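A, B, ... follow the sequence lines: proteins, then strands. Residue 1 opens every chain. Being a predicted model, the structure only gives us computed values, none of them experimental.
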Number of protein chains: 2
Amino acid sequence: MSRRTDTRDRMLSTAAELFHTQGYHATGLNQLLSAGGAPKGSLYFHFPGGKEQLAAEALAISGGRLHDVLRQTLETADGPGAAIETLIGHLAETLAASEFRRGCPLSTVALDAADSEPIRRACAEGFGSWQAVFEDALTGAGIAARRAGELATVVLAAVEGALLLAKTRHDTAPLRAVAAHLRITIEGELR
Amino acid sequence: MSRRTDTRDRMLSTAAELFHTQGYHATGLNQLLSAGGAPKGSLYFHFPGGKEQLAAEALAISGGRLHDVLRQTLETADGPGAAIETLIGHLAETLAASEFRRGCPLSTVALDAADSEPIRRACAEGFGSWQAVFEDALTGAGIAARRAGELATVVLAAVEGALLLAKTRHDTAPLRAVAAHLRITIEGELR
DNA sequence: AAGTTACTAGACCGGTCGTCATAGTTCGCG
DNA sequence: CGCGAACTATGACGACCGGTCTAGTAACTT
């Protein structure tokens with residue numbers, strides 16, 4: 001059962017990268033394969049479900065990666081308010097450094113491939129896992145469970161929206177505004 | 001110079017609709033033309049810039065339409081806090097009634113055609129015009145200009161993010177959470 | 001009737017995703 | 001060790017659809 005090549009992993013890697021920056025429909029199989037140095041036939045060997053399955057798995061990986069970053073940031077930082085500010089700073093940096101190409105790794109695909117159920121589900125799970133991290137951090141800081149859930153939703157929505165605006169405007173100001181707002185909101189909640 | 005047909009307008013209309021629900025790359029010219037009952041050759045007569053120009057103009061129309069709804073809602077309602085809640089309720093209804101297809105008319109395209117400069121600009125202008133409406137309403141309610149700008153950014157980001165999450169999850173809860181949060185935030189600011 | 005403008009049909013070529021017959025590689029078992 | 005079965009990999013192929021453009025028809029003007 002052990003694999004002999006890393007083709008499958010390489011494909012997932014390049015797929016995650018391309019879907020992140022271009023979205024689902026804008027990313028062609030040829031581009032994907034040539035970027036990963038893989039022949040066409042291999043795709044349907046490793047991913048019988050074709051492009052759709054490849055995308056769903058790649059999104060799960062992207063979601064997991066950011067989940068880990070989130071968790072680490074929230075554990076390390078000095079309270080959830082500060083953590084979120086740090087985190088947004090990190091997102092802003094990534095976005096600007098990529099000439100405003102690398103925003104949220106899920107949102108582009110979540111919107112442009114919303115009619116594919118497997119893909120939609122993969123994105124929903126990614127978002128859910130991120131929200132859970134926020135929620136845990138908030139309850140950990142002493143906020144009631146019910147309230148923490150709502151607040152985590154607001155945090156995630158605001159960050160996603162700010163990423164969208166920043167990417168569209170080629171300007172990180174929306175991220176900074178949202179970071180400040182969220183920090184104040186959270187710290188106001190903690191007393 | 002006077003036109004003899006309404007082909008151009010019909011094309012813009014169907015384009016706005018399809019780009020709204022499917023995004024840029026997922027919408028083919030054939031689908032677009034057959035849906036609008038328009039002949040293929042006409043595209044490059046009416047839109048020499050091709051698909052890209054058609055999209056940019058359609059987005060400007062979509063942006064303008066929502067701009068009008070926003071302005072009217074904010075003028076009619078009893079203060080900006082209530083207005084935003086009403087507005088989000090309206091967005092949630094539209095989204096749910098369309099089986100979670102009709103979210104923000106710009107965001108899908110803004111993300112999946114971000115590398116086209118004309119399209120990016122059209123989206124940025126749409127977002128900007130919406131934000132200006134919020135900003136005016138907030139300053140009109142007595143909030144300082146500088147602060148109103150930041151707050152309007154947060155409002156827009158939160159609403160956009162909530163639409164994204166709601167669409168992906170097939171659940172309007174994020175919209176409700178954000179509506180409640182924004183109302184409280186704004187009304188807290190007004191005293 | 002001739003000229004000008006408004007519009008349209010369909011051919012075009014490159015690229016789309018997906019399939020398949022075949023080739024190469026590794027392993028279990030006699 | 002040697003053989004065959006199972007696993008892995010390959011790229012040519014095809015049916016179709018993508019956006020674009022040229023060559024043409026229809027309508028109005030003078």
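Using a 4.0 Å cutoff on non-hydrogen atoms, the parts of residues 30-43 of chain A near DNA chain C are A:N30, A:K40, ordered by number.
In terms of phosphate contacts, A:H46 brings a side-chain nitrogen or oxygen within less than 4.0 Å of OP1 or OP2 of D:dA9. Under 4.0 angstrom from either OP1 or OP2 of C:dG18 there lies at least one side-chain N or O belonging to A:Y44.
Rounded to an integer number of Å, the gap from NE2 of A:H25 to C1' of C:dG15 is 16 Å. The CZ atom of B:F47 sits 15 Å away from the C1' atom of C:dA6 (whole-angstrom rounding). Atom P of nucleotide D:dT22 and atom CZ of B:F45 are separated by 16 Å, given to the nearest angstrom. With rounding to whole Å, B:E52 atom CD is found 12 Å from D:dG19 atom P. In this structure, CG of A:D9 is placed 13 Å from P of D:dT8, rounded to the nearest angstrom.
Under the 3.5 Å distance criterion, the side-chain polar atoms of A:R102 are left unmatched by any main-chain donor or acceptor of A:L95. Looking at A:R10, its side chain does come within 3.5 Å of a backbone N or O of A:G36 through a donor-acceptor pair.
Closest non-hydrogen pair, A:G50 versus A:Y44, comes out as CA-CE2, 3.4 Å. Residues B:A16 and B:S62 approach most closely at CB-OG, 3.5 Å, considering heavy atoms.
Within the structure, side-chain hydrogen bond (donor to acceptor under 3.5 Å, both in side chains) contacts touching residues 147-165 of chain B (residues at least two apart or in different chains) are B:Q131-B:T153, B:R147-B:E189.
The cationic atom of A:K51 (NZ for Lys, CZ for Arg) does not lie both less than 6.0 Å from the six-membered ring centre of A:F19 and within 45° of the ring axis.
Taking every side-chain heavy atom of A:L29 into account, C:dC17 is the closest of D:dG19, C:dC17, C:dT8.
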